[in-house]
2 protein chains.
Amino acid sequence: MRHASARSARASALAEDYVEIIADLLNTEGEARATDIARRLGVTHATAIKTIGRLKRDGLANGKPYRGVFLTEAGHALARRVRARHQTVVDVLQALGVPPEVAELDAEGIEHHVSGPTLAAFERFLAGSSATGAARIPAAMPPAEE
Amino acid sequence: MRHASARSARASALAEDYVEIIADLLNTEGEARATDIARRLGVTHATAIKTIGRLKRDGLANGKPYRGVFLTEAGHALARRVRARHQTVVDVLQALGVPPEVAELDAEGIEHHVSGPTLAAFERFLAGSSATGAARIPAAMPPAEE
DNA sequence: TGGATAGTGTAGCTTTGGCTACAAATTGAC
DNA sequence: GTCAATTTGTAGCCAAAGCTACACTATCCA
Ligand SMILES: [Mn+2]
Ligand SMILES: [Mn+2]
Ligand SMILES: [Mn+2]
Ligand SMILES: [Mn+2]
């Protein structure tokens with residue numbers, strides 16, 4: 001079923017974006033507040049809180065009422081994978097000549113449809129085209145600051 | 001709002017897939033029956049019929065009850081754009097080393113998040129890498145059999 | 001000319017992901 | 001310590017996209 005996999009990728013896209021944002025807020029701000037998550041996503045806080053409830057239900061997040069959101073181990077693992085994949089997609093788009101701002105925008109949607117084999121191909125491509133100036137950190141490796 | 005554009009692309013993805021499939025069925029079978037559309041998508045016919053109703057509501061499709069589905073001018077125009085973009089995405093993925101079957105699967109989801117500038121970059125990239133063996137038909141040009 | 005089969009449509013249900021409006025808790029400034 | 005502002009949570013609404021179950025129409029063949 002050619003479209004079924006795209007449909008299931010679409011279904012997990014929202015969860016992936018949430019854990020990515022939560023991990024980022026935890027790293028940079030020390031805490032992830034519902035309001036900040038909502039603002040980053042461009043939705044109302046009510047929507048964010050409801051979706052965060054689903055993340056908790058699905059074992060990706062936890063936290064007590066009025067005390068911010070945290071990630072479970074599963075949530076952290078997902079966030080790491082999502083973050084690395086996001087960067088790889090951005091890098092590939094830019095390597096193909098897509099302007100940086102556009103690459104960032106499009107990657108936000110494309111990333112959720114990049115399967116394992118495709119991601120591997122992307123990384124091989126980037127490694128191969130590293131004739132380009134700056135020293136390249138392999139996108140597949142866990143970033144040092146993790 | 002970085003995620004808002006991805007969200008709106010997601011919203012139109014289903015309509016794009018439907019018109020693409022309908023156009024394909026009209027071309028190859030001469031008619032587009034709800035059951036065939038449903039089978040291609042991997043959903044039940046009830047779901048397909050309901051979605052086709054939305055396409056009609058939105059001016060992309062038409063047709064009388066029990067008489068198959070047709071595309072409006074807007075629907076045909078959308079189908080043409082979607083088909084060309086689909087092929088470009090598949091070509092780029094394969095050029096990057098993604099196996100053909102995987103490229104086809106992933107493209108089905110990725111295509112809906114490829115913006116105009118990114119598509120243009122893809123086409124420039126393909127035109128540039130046409131050092132590769134077989135004569136390349138520019139993906140941006142309307143295909144001859146249209 | 002019937003039926004059987006295949007296709008289409010409708011009804012009713014669920015989940016997701018949005019929203020507004022309002023209520024409750026926390027935090028920060030006096 | 002109190003009170004205003006911020007943040008969080010809840011309730012109730014909606015549309016989309018899926019499903020099953022059932023009813024209706026068309027088609028095809030004996
Ligand atoms: Mn994303
Ligand atoms: Mn992302
Ligand atoms: Mn598609
Ligand atoms: Mn497609």
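By convention in this document, chain letters (A, B, ...) are assigned in the order of the sequence lines, proteins followed by strands, and residues within each chain are numbered from 1.
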Expected output: side-chain B/Thr28 to main-chain B/Asp24 donor-acceptor under 3.5 Å: yes
Answer yes if A/Phe70 and A/Leu60 sit in the same cluster of Ile, Leu, Val, Met, Phe, Trp and Tyr residues linked by side chain heavy atoms under 4.5 Å apart, and no otherwise. yes
Taking B/Val114's backbone N and O only, do any of them form a donor-acceptor pair with A/Asp106's side chain (distance below 3.5 Å, no angle check)? no
Criterion side chain to side chain contact (heavy atoms under 4.5 Å, CB included) on A/Arg67 and A/Arg33, from CA distance to verdict: CA-CA 8 Å; A/Arg67 268 315 102 110; A/Arg33 285 142 75 246; over 6 Å; no
Keeping A/Ser5 on the side-chain end and A/Met1 on the backbone end, is there a donor-acceptor pair under 3.5 Å? no
Co-membership, hydrophobic cluster, residues B/Leu119 and B/Leu96, 4.5 Å side-chain: yes
Between A/Arg33 (CZ) and D/dA5 (P), how many Å, whole number? 17 Å
Would you mind reading off the distance between A/Arg67 atom CZ and D/dG9 atom P, rounded to a whole angstrom? 10 Å
Rounded to the Å, how far apart are B/Ile52 CD1 and C/dG9 P? 8 Å
Atom-to-atom span, CD1 of B/Ile37 to P of D/dG18 - whole angstrom: 14 Å
Between D/dT27 atom P and B/Tyr66 atom OH, what is the distance in whole Å? 11 Å
Quick test: give all pairs of protein nitrogen or oxygen and nucleotides 18-21 of chain C nitrogen or oxygen below 3.5 Å, distance rounded to 0.1 Å.
from, atom 1, to, atom 2, distance (Å)
C/dG18, OP1, B/Arg10, NH2, 3.2
C/dG18, O6, A/Lys50, NZ, 2.5
C/dC19, OP2, A/Thr44, N, 3.0
C/dC19, OP2, A/Thr44, OG1, 3.1
C/dC19, OP2, A/Thr47, OG1, 2.8

Could you list by number each residue of residues 56-65 of chain B showing a heavy-atom separation from DNA chain D of less than 4.0 Å, or answer none if no residue does? B/Arg57
Heavy-atom nearest pair, B/Ala48 first then B/Tyr18, reads CA-OH, 3.4 Å
One thing to verify: whether A/Arg81 and A/Glu16 come together as a salt bridge, which I'm taking to mean a side-chain N less than 4.0 angstrom from a carboxylate O. no
Length of the CD1-P vector between B/Ile49 and C/dG12, whole Å: 17 Å
Could you tell me the separation between the CD atom of B/Glu29 and the P atom of C/dG7, rounded to a whole number of Å? 12 Å
Any side-chain N or O of B/Thr35 under 4.0 Å from OP1/OP2 of C/dT8? yes
Does any non-hydrogen side-chain atom of B/Val69 lie less than 4.5 Å from one of B/Leu26? no
